[in-house]
Amino acid sequence: MAEQVKTTNTSSSHHLPLPDGVSGAESLTFYGKDGIYTGVSNGHVLKWGGRAAGWSTFAYNANFRKLPLCSDSSVSPEEKESKCGRPLGVQFYRKTGELYIADAYFGLMKVGPNGGEAEVLAKEADGVPFHFVNGLAVDQATGDVYFTDSSLNYTRRFNLGIMISNDTTGRLLKYDAHTKHVTVLKADLPYPNGVALSRDSKHLVVAHTWPCQAFRYWLKGPMAGQYDLFAELPGYPDNVRPDNQGGFWVALNRERLQRAPVKKHLVGVRLNADGKEVEELTAVWDVTLSEVATFNGKLWLGSVELDYIGVLAI
């Protein structure tokens with residue numbers, strides 16, 4: 001008999017508002033006792049320092065020093081993101097306190113534990129420039145960074161073109177922290193997005209947005225280098241994060257397109273270590289999620305579209 005999938009409604013989540021004029025906490029990462037960090041629509045990475053300190057700018061790219069446009073609030077973030085950046089995946093290497101940033105336009109970046117101007121680590125692999133750097137995961141044992149370049153043809157702003165054209169030019173990549181070299185682990189992928197490392201570090205889980213699937217890339221063992229299907233998903237996935245139980249949370253931007261009326265709005269699923277769905281998250285119809293992360297006994301819900309972060313006790 002199949003186990004019943006647990007349903008968790010996120011409608012009762014607490015809202016942590018982002019600063020005025022800012023939206024899109026696409027990915028979340030945590031450092032220290034209470035530090036919460038996220039990349040947002042204005043090209044900055046923000047830090048939440050608690051209710052007394054509130055939000056502050058933790059990291060930014062060099063163009064905020066060079067281009068007045070990047071500080072011009074009269075220009076929409078969408079119009080200037082190609083020049084002012086859009087940080088998506090973010091994650092700390094806890095041994096050093098360095099924050100790695102997957103910026104959709106600037107490439108793979110890093111900033112030190114005190115924040116400030118982030119440096120660009122890589123802008124291309126095998127002589128082919130990045131076009132849409134997206135998801136990111138840091139191996140806490142080695143410091144190596146795994147990340148995705150979602151398309152060689154479409155930028156983040158025009159990402160719908162990936163699905164409309166059935167683009168399969170995405171890549172899964174590895175940045176070696178010691179050699180500073182980027183290796184293409186897998187090419188010719190359809191919209192690779194979020195990426196996470198398994199608890200035993202034997203494989204990665206990579207979300208593919210438009211096929212609504214998650215795949216495994218094996219790093220170790222007899223299957224090393226192989227890429228196999230991990231899960232069919234009920235919606236279009238964004239980021240993947242460990243669930244601290246050996247499985248993974250996968251955020252969903254929307255359900256799969258289907259003819260029958262949708263009775264509930266899915267925004268995330270939890271998969272066990274074998275790729276089986278064991279829990280689903282639902283929300284009201286105007287909410288979409290790009291990340292589900294666990295921290296301090298709570299679920300933290302990021303969205304590339306909303307002006308707040310959801311926080312749900314678990």
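- Between the side chain of H208 and the main chain of Q213, no donor-acceptor pair closer than 3.5 Å is present.
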- Item | K174/L185 under side chain to side chain contact (heavy atoms under 4.5 Å, CB included): CA gap, chis, key distance, verdict | CA-CA 7 Å; K174 174 187 176 182; L185 299 179; 4.0 Å; yes
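- Taking the side chain as every heavy atom from C-beta outward, D103 and L88 never approach each other to under 4.5 Å.
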- Message: Determine whether E291 and S27 satisfy the following criterion, side-chain hydrogen bond (donor to acceptor under 3.5 Å, both in side chains), listing intermediate values before the conclusion.
- Response: CA-CA 6 Å; E291 179 145 310; S27 178; 3.1 Å; yes
- Item | Working for side chain to side chain contact (heavy atoms under 4.5 Å, CB included), residues T29 and L99 | CA-CA 9 Å; T29 192; L99 177 66; 3.8 Å; yes
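- A donor-acceptor contact shorter than 3.5 Å links the side chain of N9 to the backbone of S11.
- Other members of the hydrophobic cluster containing Y100, listed by chain and number, are Y93, L108, L121, F130, V133, L136, V138, V145, F147, L173, Y175, V182, V184; membership follows side-chain contacts under 4.5 Å among ILVMFWY residues, whether direct or relayed.
- A donor-acceptor pair is defined here as one N or O able to donate and one able to accept, closer than 3.5 Å; such a pair exists between the side chain of K180 and the backbone of A177.
- Inter-residue side-chain proximity for F106 and P87 is flagged as unmet; no heavy-atom pair is nearer than 4.5 Å.
- The shortest distance between side-chain heavy atoms of V22 and D307 does not fall below 4.5 Å.
- Here the side chains of F30 and I36 are in contact, with some heavy-atom distance below 4.5 Å.
- H44 and F64 have their aromatic ring centers within a separation under 6.0 angstrom.
- The two residues L271 and A231 have their closest heavy-atom pair at CD1-CB, 3.8 Å.
- The two residues S23 and V40 come nearest to each other via the heavy atoms O-CB, 3.5 Å.
- Tracing side-chain contacts under 4.5 Å through hydrophobic residues (I, L, V, M, F, W, Y), one reaches L18 starting from L16; they form part of the same cluster.
- Within the model, atoms OG1 of T7 and CD of Q4 stand 7.5 Å from one another, a figure rounded to the nearest 0.5 Å.
- For the atom pair S151 OG and L189 CG, the distance stands at 11.0 Å (nearest 0.5 Å).
- A chain of hydrophobic side-chain contacts below 4.5 Å, direct or via other Ile, Leu, Val, Met, Phe, Trp or Tyr residues, connects M109 to Y31.
- Rounded to the nearest 0.5 Å, atoms CZ (R216) and NE2 (H203) are 5.5 Å apart.
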- side chain to side chain contact (heavy atoms under 4.5 Å, CB included) assessment of R256 paired with E232: CA-CA 11 Å; R256 280 178 181 261; E232 294 281 355; 3.0 Å; yes
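- The distance from the CZ atom of F158 to the NE2 atom of H131 is 10.0 Å, given to the nearest 0.5 Å.
- T168 and D188 share no side-chain donor-acceptor pair at under 3.5 Å.
- S198 and K202 get closest at one heavy-atom pair: OG-N, 3.2 Å.
- Under the 4.5 Å side-chain criterion, counting only non-hydrogen atoms from C-beta, W300 is not in contact with T294.
- C70 meets the disulfide bond (SG atoms under 2.5 Å apart) test with C84; sequence neighbours excluded.
- A donor and an acceptor atom, one from each side chain of T8 and E279, are located under 3.5 Å apart.
- At a threshold of 4.5 Å between side-chain heavy atoms, the hydrophobic network of Ile, Leu, Val, Met, Phe, Trp and Tyr places L229 and V195 in one connected group.
- Panel note: side chain T142, backbone D144; a donor-acceptor pair is recorded below 3.5 Å.
- With a 6.0 Å radius and a threshold of 12 heavy atoms from other residues, nucleotides or ligands, N166 has its CG atom above the threshold.
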- Where do T209 and N193 land on the side-chain hydrogen bond (donor to acceptor under 3.5 Å, both in side chains) test, with the steps shown first? CA-CA 6 Å; T209 298; N193 196 326; 3.0 Å; yes
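- Residues L266 and L281 fail the side-chain proximity criterion, which asks for heavy atoms closer than 4.5 Å.
- Contact between N159 and Y191 at its shortest, heavy atoms only, is OD1-OH, 3.2 Å.
- Scanning both residues, G21 and S41, for their nearest heavy atoms gives O-OG, 4.5 Å.
- Judged purely by distance below 3.5 Å, without hydrogens or angles, the side chains of E305 and S303 never pair a donor atom with an acceptor atom.
- Legend: salt bridge (charged side-chain N to carboxylate O under 4.0 Å, His left out) pairs involving residues 78-93, not counting sequence neighbours, sorted by first then second residue: E81-R156.
- The closest donor-acceptor contact from the side chain of N63 to the backbone of L67 lies at 3.5 Å or more, if one exists at all.
- L289 and L28 fall into different hydrophobic clusters, where Ile, Leu, Val, Met, Phe, Trp and Tyr are joined by side-chain heavy atoms under 4.5 Å apart, directly or via other members.
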- Query: Given the rule in the side-chain hydrogen bond (donor to acceptor under 3.5 Å, both in side chains) test, do S290 and N239 qualify, once you have shown the distances and angles that lead to the verdict?
  - Reply: CA-CA 6 Å; S290 56; N239 289 327; 4.8 Å; no
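- N61 and Y105 are not linked by any side-chain donor-acceptor pair at a separation below 3.5 angstrom, with hydrogens and angles left out of the test.
- Distance alone, capped at 3.5 Å, is enough to place a donor-acceptor pair between the N272 side chain and the K276 backbone.
- Separation of atoms OG1 (T169) and CG (D167) is listed at 3.5 Å; rounding is to 0.5 Å.
- Across every non-hydrogen atom of G310 and S13, the tightest pair is CA-OG, 4.2 Å.
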- Task: Could you go through the side chain to side chain contact (heavy atoms under 4.5 Å, CB included) check for E26 and N134 one step at a time?
- Result: CA-CA 10 Å; E26 199 270 352; N134 199 335; 4.0 Å; yes
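- No side-chain heavy atom of L252 sits less than 4.5 Å from a side-chain heavy atom of Y236.
- Hydrophobic cluster membership is shared by V240 and V269, with clusters built from Ile, Leu, Val, Met, Phe, Trp and Tyr side chains linked at under 4.5 angstrom.
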- Chi angles and distances behind the ring pair (Phe, Tyr, Trp, His ring centres under 6.0 Å) call for Y37, W48: CA-CA 6 Å; Y37 301 76; W48 173 254; over 10 Å; no
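- Between L312 atom CG and T10 atom OG1 the span is 7.0 Å, to the nearest 0.5 Å.
- The aromatic rings of Y227 and F215 lie parallel to each other, their planes meeting at an angle below 30°, with 60° marking the opposite boundary.
- Counting only distance, with no hydrogens or angles, the side chain of R254 and the backbone of P237 share no donor-acceptor pair below 3.5 Å.
- Panel note: side chain D243, backbone Q245; a donor-acceptor pair is recorded below 3.5 Å.
- The pair E117-R65 meets the salt-bridge criterion, with a side-chain N (NZ, NE, NH1 or NH2) lying under 4.0 Å from an Asp/Glu carboxylate O.
- Counting only heavy atoms from C-beta outward, the side chains of P192 and L172 never approach each other to under 4.5 Å.
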